[in-house]
Amino acid sequence: MAAEIIDGKKIANQIYDELSEKIDVLKKKNIIPKLSVVLVGDDPASAVYVRMKGNACQRLGIASETLKFDADINEQELLSTIEQLNRDASCHGILVQMPLPGHINETKIIEHILPQKDVDGFHPINKGRLQAGLPCFVPCTPAGVQEILIRSGYSPEGKHVVVIGRSQIVGMPLAILLAQKQKGANATVTICHSRTQNVDFFTKNADIIIAALGRPQAITEDMLPTHAVVIDVGVNRVEDPQSEKGYRLVGDVDFDGAVKRVKAITPVPGGVGPLTIAMLMKNTVLAAENKLFKTN
Ligand code: GUN
């Protein structure tokens, strides 16, 4: 039997409706949430992501600005820009689009962002708070994956979740998030990565498989049990002469094979992507509400 195809756009729309109500409340208090995006260089994929983030802000009535810099900007200039945004009371969320050019130390840039404005959840303070189960900005893609699971009726509670990939942006924080002793989490989590032997041993014993390894169509049908719920985080450009753009997007899962076998699966595009952006909007609203780090 063919799998259920989970519609990420539909779930993102539910979240937008909920956020609209929160934004109305803020506006009644004369607070307009604002996201400042820093984009360095001319990576085409980054430009697309940044445009999509701006469009989402516009749709919700969140103010946004994109500060664009040439790839040869020096680190000090970028640090000063972040300092200005840290001080700017009208800016609630700061996002520096990754990757940055090689001569810039990404860690140093991230550590310069005020944790209270770090809507990506990349600052070590937010990472530490996530691990400790404290209120924090949860990184957008991991938060989006959790929302997909909960809202499509596949709660990770008590399930064996296999996360494939241990990146600092997705795999590692997602594993930590889903293992938390908290509603909508409480999973038994296995992390597989590039040095894991026999990844299929783990995937075959999983209830939920999350592919976030960044390799096109690497997870194949034969690795997946029929009862599996598969969340595909991958966004890979592969050459396609038949497409107008000369390429198409595929996930980390071989969708055509997997969809014939498993219980449920997210497509690429239209699965996790819309949720990542919805969670960024949620974090920006949270930043504007400014109560995340308050203890009373
Ligand atoms: N590059 C790829 N994913 C992300 C993300 O979630 N946030 C930022 N800032 N850059 C990215």
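Atoms within each ligand, like the ligands themselves, are counted from 1 in listed order.
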Task: Close approach of Val96 to ligand 1, heavy atoms, under 4.0 angstrom - done: yes

- [ ] Around atom 10 (N) of ligand 1, find the nearest protein heavy atom and jot down its residue, atom name and distance.
- [x] Met98 N, 2.9 Å

TODO: Identify whether the distance between the nearest side-chain nitrogen and carboxylate oxygen of Asp240 and Arg248 falls below 4.0 Å.
DONE: yes

Open item on the list: Could you walk me through whether Val96 and Ile82 satisfy the side-chain contact (heavy atoms from CB on, under 4.5 Å) test, starting with their C-alpha distance in whole Å, then the side-chain angles of each, then the deciding distance to 0.1 Å, before giving a yes or no?
Closed with: CA-CA 9 Å; Val96 180; Ile82 289 167; 4.0 Å; yes

Open item on the list: Could you list the cluster mates of Ile125? Members are the ILVMFWY residues connected by side-chain heavy atoms closer than 4.5 Å, either directly or through other members.
Closed with: none

- [ ] May I ask you to identify the nearest protein heavy atom to atom 7 (N) of ligand 1, giving residue, atom name and distance to one decimal place in Å?
- [x] Asp120 OD1, 3.1 Å

- [ ] Find all atoms of ligand 1 within a distance of less than 4.0 Å from any non-hydrogen atom belonging to Leu95, and give their numbers and elements.
- [x] 9 (N)

Open item on the list: Among all the protein's non-hydrogen atoms, which is closest to atom 11 (C) of ligand 1, and how far away is it?
Closed with: Gln97 NE2, 3.4 Å

Task: Linked hydrophobic residues, Val262 as query - side chain contacts closer than 4.5 Å - done: Ile5, Val162, Ile164, Val199, Phe201, Phe202, Ile209, Leu213, Ile219, Met223, Leu224, Val230, Val253, Phe255, Val259, Ile265

Task: Pair Glu75 + Lys108: basic N to acidic O under 4.0 Å - done: yes

Task: Phe122 to ligand 1, any heavy atom closer than 4.0 Å - done: yes

